[in-house]
Each structure stands twice: as C-alpha cells, then as structure tokens.
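Values in this document were obtained by computation on a predicted structure and should not be read as measured data.
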Amino acid sequence: MFDGTQRRIVSMWFPRLASDRALRARPIDAPFALTLKHSNAERLQCLNVQAERAGLHRGMSYADARAFCPDLITRPSEPVQEARFLQTLRRWATRWCPWVGLDGADGLVLDVTGAAHLWGGEAQMLAEMRQRLLRAGLTVQLGLGDTRGAAWALAHHGEGVAAPGDMGAALADLPVAALRLEAAQDVALQRLGLRTVGDLAAADRAPLTRRFGPSLLLRLDQALGAVPESITPQPDPPHYGMRMTLPEPIGLVDDLMAGIGRLLAPLCERLLAHDAGARALCVTLRRVDQDSQQIELRLARPLRDPQRILPLFERGVGTVDAGYGIDQIRLEATQVEPLKPRQVSHIAAKGQDRLDDLISRIGTRIGLENIQRFLPADSHIPERSFIIAPAAFSTPQSGWASLRPRPVRLFPPEPVAGHGARPPRQFRWRRMSLTTARATGPERLAPEWWLADENWRSGVRDYWQVETRQGRRLWMYHTPQNPGWFVQGEFA
C-alpha cells in the first residue's frame, strides 16, 4: 500500500486554454477559434470542440479555415491576457499543494507528494480537480506519476495514473512523442521503427546517443525516474497593502493622518525591500455603518519615503465624511515601479524632491497629465524642435543647443505684404505699421521630405531676424519657390 513517501507529480494540461478563457465571458455554441498573425498570415491559434469536429486544426490559415467552415467565428488571440490567466490558475492550484509550477504556455505541474491523503486519496483528488475545472468551463487532461516527465506523458497522451514505482510499464505503450521530444527527433525515431517508449527503452543506448545526442536519453531517463527533474514553484508577486482595524471609531483629521502614517511606514519598508517605489496609492476608510470612502494619490515620481508621502494626503483626508466614525483604514500601493538607489548630491536631491512634491500637490487638484513641460526634439524645423510631455511622466532634458537664436514665442505663420528676397522696409502686421531698422540673415531651412506637412509645401524658407523702429523684434521668412513673406515668431 502506498505510504505517501514516494514522490508523486500531477500534470494539468489545458488543450483549449485560450479558447476556453475567451468563451467563459461570452459563450458561443458554434465553431469558434482564436487567430494570431504569424509570418504575415492570420492562423488559427486555439479552437473549441465544434471547430475541431469541422476539420479545423491549429496552425491552419484563416482563409482556408473559412473555406472549410463558413460558419466559423473568430476573435484575435491575447497572449498577454492568456499568460496572466494561467498565472491565476497557478495560484488557485495551490489549494492542493504548495509546489505548483508552470508547464509551458498551457499547463501546470503539481508536486502532491504527501498531500493526496488530505483529499481522500489520489483518485478522489484527481476527481475533484477535474470537477472544479470543468465547472469553471475549462477543458483539462490530468496525468499522475512518480516523475514530471511521466505525468506530462500521461496527461498529453492518454489521460491516466501510473502506479508508484512502475513508470516503465505505464509509459511503455505511449508514443515516443510523449517524452517531450522535438518534432525532428520524433520523425527520425519512427523511421527507425522506434514508435513507443517501450521500444526506445529496449534499444541500445550507445547508437542512439551517437545519432541523437544526449538529449534523447535524458528525456527518457527523466520520465522513468533515473534522472531527477525539479519543479520550481513561482512565488506570488509581492502585495503592497496594509490594513488597520481600530478598537474605537475615529473621525478627526489628525487621527486619520496618524493612522495612515502608521500604515505608510511598513509599506515603504516593503517597497524598499523590493527596490520599488509607489506611483499611485489608495486609502480606503471604512465607517461603522459599513460604508467606505477612498482617497487616491498619484505621485509625480515613484516614492518610498513616508515623510514625503504623508503630507500629500492632507487635502484628500480633509474632504472625508467620517459619519459616526471610521473603524478600519486600508492603504495600498496600486501602481508600483522599480526604484533603484541613485547617487545624488544633497543640494540636487532637495531641489528635485521639492519640485516633484509640488507637481504631486498640484496634480491632485488638476490632474498630473495637465502639468506639462517642453522637451527638445531632434528637428531643424522650428515648430518641430520641441515636444510637450506631462511633467510627471518625463524628465527634464538639456539638449536645447542651437546654432542660431530662436524666438521666445512661436505662432502659426502670418502673411505680410512684401516683395523681393530681402525683408520689406515697411509692412503691416497685426494692424500695426512697422519699419525695418536692421535685418540679419538669411538662414535657409529645408523641409523634412520624409514627413508630410501641409505647412511646408511651399518649399525652402529663408529666415531673417528683423528689428523694427517701433521696438518689435520679429522672426520672418521668405519662400523663394512661392514668393511671399511671413512672420512666425517674436523675440523677447
């Protein structure tokens, strides 16, 4: 009788993981498939049962699939969301054992050694796994054996259970592909007449090693238990949340700030331990009547300094309606970014910290996206020599070097009357009569031909710095290909 000391591995294979996930939200009783673009062609990525019965298969082009099955319904595949869903299943599977790892993009591997008796035995445990997954709308195939390779083989090639200590007999009739071999090795072995795992195990090892290398026999030994294969469970991502339940309700602003401060200190210590900083935080205040209010704080830079973060909550806490009192405070960092240690001087650090705190304070009122800064851009075109970016999501840059002076103010070109290649001696601009006193130039700028811009269809521009007797210092240009004069900027 099995005493629970023998290592036992369960392999969960979800052959239709992506399509099952998509159909859980919007069920469809028709042929259905997810498509993914591969080599400039839309191909079927995952299918449901009806689509497979219609003769479709994975890797089939979308055009051929519609020709075979005109009623086929498709949606684009979402690999990122599917990987996240598999991670959710991994965390859920820890209800049976603590050692759960990923097995490819559509499977899980569980080390249930010594845990089966908690569920009434291996048969009852597998039955509950299958029942719960089917109830969740997921197709699953389970395999149980002493090794990871044996469990994988049983799950993918004939769902079954291998008796403890007898992997050879359980795998003997399975195809050699059950050993997780490459497609080329599988084809070559079948041509040699080695079609099952039993045939491969009975063959001479030396010729196989010379022809296929050590990887083939390594897979065989791993499945039979001659070579150990570890299972590496993935740790859960760190949770940046703290909660405090109060013995007596509170409602004063100072009391609430003190409670948030007590939660903020351990939260920042956890952020420091993971080299991270909070970019957004949320405080949930639960009242005694079970109603709750939230205070959201978005920061201009990732922070983990409680002394800098706590004062930024004052404005939000001041608007809280405590009612009959607040008996629970919960603080969570809803957005976290990496924050590595940096080497800065005490002068530069203080100045930058004050600016970031100011942006955060203003951003809580008008939104961080509405606080913007100018950044240099690599273009000789005046209106393209800068970009406007949110100050909270960008860093100041100093690449503003220019060989020629540029005006402080730029505006869309405004035509003025003038003839010839030199600035007119007298002209009207914005209902003002101006007289040229001195003109410096020209500076010829050519359009960027690789970008389509309606404003530069007139060709090259010859820019002049024009000082008028009335005190205006203008930036004017002339278009030789389509003669005309325009004012585009004004110097301070």
Side-chain angles (χ1 to χ4, degrees), residues 1-17 20-21 24 82-174 178-180 197 218-239 241:
M1 183 176 181
F2 179 55
D3 59 0
T5 59
Q6 177 69 39
R7 190 186 187 200
R8 301 293 279 172
I9 306 297
V10 172
S11 176
M12 287 185 180
W13 179 42
F14 305 96
R16 304 183 186 90
L17 178 66
D20 287 346
R21 171 191 165 273
R24 275 163 50 90
E82 293 160 8
R84 187 176 301 174
F85 182 63
L86 185 60
Q87 287 285 357
T88 303
L89 290 177
R90 183 196 63 80
R91 292 193 297 269
W92 170 78
T94 56
R95 69 189 313 272
W96 284 290
C97 65
W99 291 81
V100 182
L102 300 181
D103 195 1
D106 56 0
L108 300 176
V109 56
L110 297 79
D111 190 342
V112 296
T113 304
H117 70 281
L118 300 175
W119 308 94
E122 293 179 348
Q124 290 80 358
M125 180 182 65
L126 294 178
E128 183 180 356
M129 289 180 180
R130 186 178 293 104
Q131 181 181 5
R132 287 182 176 272
L133 291 170
L134 292 178
R135 189 185 307 165
L138 299 177
T139 304
V140 63
Q141 292 185 203
L142 302 175
L144 177 62
D146 293 348
T147 65
R148 179 174 181 176
W152 189 94
L154 293 171
H156 287 72
H157 299 271
E159 194 174 13
V161 178
D166 193 10
M167 297 302 100
L171 304 180
D173 296 332
L174 298 182
L179 297 178
R180 299 172 290 174
V197 177
L218 175 63
R219 286 301 192 186
L220 177 62
D221 293 339
Q222 287 177 342
L224 299 180
V227 176
E229 186 176 6
S230 62
I231 298 176
T232 304
Q234 294 187 351
D236 292 332
H239 177 66

Next item on the list: Applying side chain to side chain contact (heavy atoms under 4.5 Å, CB included) between Leu154 and each of Val161, Leu174, Ile9, Leu144, report the one that passes.
Entry: Leu174
Measuring from [X]:[atom1] to [Y]:[atom2], what's the distance to the nearest 0.5 Å?
{"X": "Arg90", "Y": "Leu110", "atom1": "CZ", "atom2": "CG", "result": "10.5 Å"}
{"X": "Leu220", "Y": "Arg180", "atom1": "CG", "atom2": "CZ", "result": "11.0 Å"}
{"X": "Leu134", "Y": "Thr139", "atom1": "CG", "atom2": "OG1", "result": "7.0 Å"}
{"X": "Leu133", "Y": "Asp20", "atom1": "CG", "atom2": "CG", "result": "10.0 Å"}
{"X": "Cys97", "Y": "Asp111", "atom1": "SG", "atom2": "CG", "result": "6.5 Å"}
{"X": "Met12", "Y": "Trp96", "atom1": "CE", "atom2": "CH2", "result": "5.0 Å"}

Note to self: Are Asp106 and Leu86 packed together at the side-chain level, in the sense that at least one heavy-atom pair is separated by less than 4.5 angstrom?
What the structure shows: no
Check: Between Arg7 and Glu229, is a salt bridge (charged side-chain N to carboxylate O under 4.0 Å, His left out) present by the stated rule, with each step listed?
Finding: CA-CA 11 Å; Arg7 190 186 187 200; Glu229 186 176 6; over 6 Å; no
Would you name the heavy atoms of [X] and [Y] that are closest together and state the gap between them?
{"X": "Arg24", "Y": "Ala136", "answer": "NH1-O, 2.6 Å"}
{"X": "Thr147", "Y": "Gly225", "answer": "CG2-CA, 3.5 Å"}
{"X": "Arg91", "Y": "Pro237", "answer": "NH1-CD, 4.5 Å"}
{"X": "Gln6", "Y": "Thr113", "answer": "O-CG2, 3.6 Å"}
{"X": "Ala116", "Y": "Glu122", "answer": "CB-CG, 3.7 Å"}
{"X": "Ala151", "Y": "Val10", "answer": "CB-C, 4.3 Å"}

Item checked: Qualifying residue for side-chain hydrogen bond (donor to acceptor under 3.5 Å, both in side chains) with Glu128, from Arg132, Arg130, Gln131, Gln124 -> Arg132
Notebook entry, point to check: Parallel, tilted or perpendicular: which fits the ring planes of Trp13 and His156, with parallel below 30° and perpendicular above 60°?
Noted result: parallel
Checklist line | Heavy atoms from other residues, nucleotides or ligands near CH2 of Trp119 exceed 12 (cutoff 6.0 Å) | finding: yes
Margin query: Are more than 12 heavy atoms, taken from residues, nucleotides or ligands other than Asp166, located less than 6.0 Å from that residue's CG atom?
Written below: yes
Notebook entry, point to check: Can you list the steps and then say if Arg16 with Leu138 is a side-chain contact (heavy atoms from CB on, under 4.5 Å)?
Noted result: CA-CA 8 Å; Arg16 304 183 186 90; Leu138 299 177; over 6 Å; no
Next item on the list: Given side chain to side chain donor-acceptor pair (under 3.5 Å), test Arg219 with Gln222 step by step and report yes or no.
Entry: CA-CA 5 Å; Arg219 286 301 192 186; Gln222 287 177 342; 3.2 Å; yes
Margin query: Pair Phe14, Leu108 - check side-chain contact (heavy atoms from CB on, under 4.5 Å), show working.
Written below: CA-CA 9 Å; Phe14 305 96; Leu108 300 176; 4.1 Å; yes
Next item on the list: Say whether, by atom type as modelled, one donor and one acceptor occur between the side chain of Ser11 and the main chain of Val109 under 3.5 angstrom.
Entry: no
Item checked: Lys/Arg N to Asp/Glu carboxylate O, Asp103 vs Arg148, below 4.0 Å -> yes
